[in-house]
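Structure, as structure tokens:
Order of listing sets the numbers, starting from 1, for every ligand and every atom in it.
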Amino acid sequence: MNILICDSYGHLSEKAAEMIARQVNTKPDCVLGLATGSTPIGTYAALTKLYEAGKVDFSRVTSYNLDEYYPMSPENPQSYRYFMEEQLFRHINIRPEATHVPDGATDNPSATCADYDRQIEAAGGIDLQLLGIGQNGHIGFNEPGATLHASTHLTPLTEDTIAANARFFSSPEEVPTHAISMGMGSILRARSILLLISGKNKHAALSQLLSDKVDPLCPATFLKLHPCVTVLCDREAYDG
Ligand code: PGA
């Protein structure tokens with residue numbers, strides 16, 4: 001793992017956007033794996049600026065998002081589809097039909113999950129996967145546990161994650177109890193991975209990542225098994 005420590009969240013966001021733009025400029029028809037959460041918001045804003053300045057063109061890019069709440073309609077402002085439209089897709093020239101977020105409104109989640117992995121494979125696999133990390137070390141909604149999933153799957157959210165995500169809802173009761181998430185195998189098949197870690201509350205998860213252990217109780221530690229991972233963290237996350 002290549003670890004880069006940035007002075008600030010702003011610097012981290014610019015650096016991440018530069019890396020994504022470089023990927024797109026190197027391979028204009030690349031497949032990006034994208035993430036939601038508060039951490040990548042600055043990256044998407046910086047990427048929009050690069051697009052507006054004519055420094056990157058998304059017209060041939062395909063994207064697959066990591067996860068979506070279940071059940072969740074794509075029109076719901078709390079959905080990850082809505083988040084992606086607001087934070088990135090509507091500001092850049094990516095083709096709407098080339099953007100993919102797991103379907104939180106499906107009535108057949110197991111078929112939807114199997115199909116998602118098949119679609120990614122048919123698109124040629126993910127070239128660059130952007131990731132955030134949960135305070136509990138989750139990646140996507142691969143939550144800590146005795147075992148982890150390899151493939152895209154329907155999963156219950158842990159109490160920790162429901163509490164952490166309650167800030168986006170009017171009450172914790174409104175947070176969906178389940179999500180559809182790419183599995184650890186789906187993520188580790190990406191050719192390269194860019195993990196963003198910002199803020200003091202991520203220090204414990206980052207420390208586990210820097211230790212030598214691979215532990216399903218901190219799913220992010222499995223990224224140590226991947227040959228091409230860059231971790232961009234800010235000082236707050238690094239120093240704790
Ligand atoms: P955050 O979430 O960026 O909102 O902290 C990251 C995650 O839970 O994966």
Side-chain angles (χ1 to χ4, degrees), residues 6 8-17 20 32-47 64-70 72 77-84 86-88 101-102 104 126 128-145 148-149 152-153 155-169 172 174-184 186-188 190 193-209 216-223 229-238 240:
C6 303
S8 65
Y9 174 71
H11 181 204
L12 174 152
S13 302
E14 278 165 20
K15 192 94 197 128
I20 296 168
L32 297 178
L34 298 176
T36 52
S38 33
T39 312
I41 288 177
T43 301
Y44 294 149
L47 215 42
Y64 286 89
N65 261 76
L66 273 177
D67 47 19
E68 177 61 282
Y69 287 122
Y70 183 81
M72 178 60 80
Q78 309 287 7
S79 73
Y80 287 169
R81 161 56 77 177
Y82 193 94
F83 174 100
M84 289 308 300
E86 285 302 300
Q87 301 298 331
L88 184 66
V101 178
I126 292 171
L128 173 63
Q129 175 69 55
L130 180 67
L131 295 175
I133 187 171
Q135 291 175 50
N136 64 2
H138 75 195
I139 291 290
F141 280 121
N142 293 280
E143 298 282 18
L148 298 173
H149 284 264
T152 298
H153 57 286
T155 181
L157 304 187
T158 60
E159 292 293 321
D160 287 351
T161 296
I162 291 174
N165 289 9
R167 67 190 194 278
F168 300 114
F169 292 79
E174 280 183 29
V175 184
T177 53
H178 287 70
I180 292 175
S181 176
M182 275 166 55
M184 294 305 296
S186 326
I187 294 166
L188 290 169
I193 294 177
L194 175 57
L195 170 61
L196 309 181
I197 313 185
S198 168
K200 271 187 197 322
N201 62 344
K202 301 290 172 67
H203 178 69
L206 175 55
S207 304
Q208 296 231 49
L209 201 61
L217 296 177
C218 182
T221 57
F222 278 72
L223 299 176
V229 177
T230 299
V231 179
L232 280 179
C233 63
D234 60 13
R235 271 268 150 224
E236 289 201 351
Y238 191 78

Pull out every atom of ligand 1 sitting under 4.0 Å from any heavy atom of [X], numbered as shown with elements.
| X | value |
| --- | --- |
| T39 | 1 (P), 3 (O), 5 (O) |
| K202 | 1 (P), 5 (O) |
| G37 | 3 (O), 4 (O) |
| R167 | 4 (O) |

Handout entry: E236: salt bridge (charged side-chain N to carboxylate O under 4.0 Å, His left out) partners, not counting sequence neighbours
Key =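 Here no residue qualifies.
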Fill in the blank from the handout: Honestly, for L131 the part within reach of ligand 1 (heavy atoms, under 4.0 Å) is neither
Problem - Distance-only polar pair, side chains of H138 and T161, donor-acceptor under 3.5 Å - result: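 On atom types as modelled, these side chains qualify, holding a pair under 3.5 Å.
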Problem - Between N136 and E143: side-chain donor-acceptor atoms closer than 3.5 Å - result: yes
Handout entry: ring pair (Phe, Tyr, Trp, His ring centres under 6.0 Å) against F168, all qualifying residues, sequence neighbours excluded
Key =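 Checked F168 against ring pair (Phe, Tyr, Trp, His ring centres under 6.0 Å); zero matches.
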Exercise for the section: List the closest protein heavy-atom neighbour of atom 6 (C) of ligand 1: residue, atom name, distance to the nearest 0.1 Å. Expected result: I133 O, 3.4 Å
Handout entry: Closest protein heavy atom (residue, atom, distance) for atom 8 (O) of ligand 1
Key =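 Heavy-atom neighbour on the protein nearest atom 8 (O) of ligand 1: H138 NE2, 2.7 Å.
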Practice task
Using atom types as modelled and distance alone, determine if a side-chain donor or acceptor of H178 lies under 3.5 Å from a backbone N or O of T155.
Solution key: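 No, H178 side chain to T155 backbone: no donor-acceptor pair under 3.5 Å.
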Problem - Under 3.5 Å: donor-acceptor pair, side chain of Y9, backbone of G42 - result: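 Side chain of Y9 to backbone of G42: a pair is present.
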Practice task
Return yes or no for this condition: an N or O of S38 is under 3.5 Å from an N or O of ligand 1.
Solution key: yes
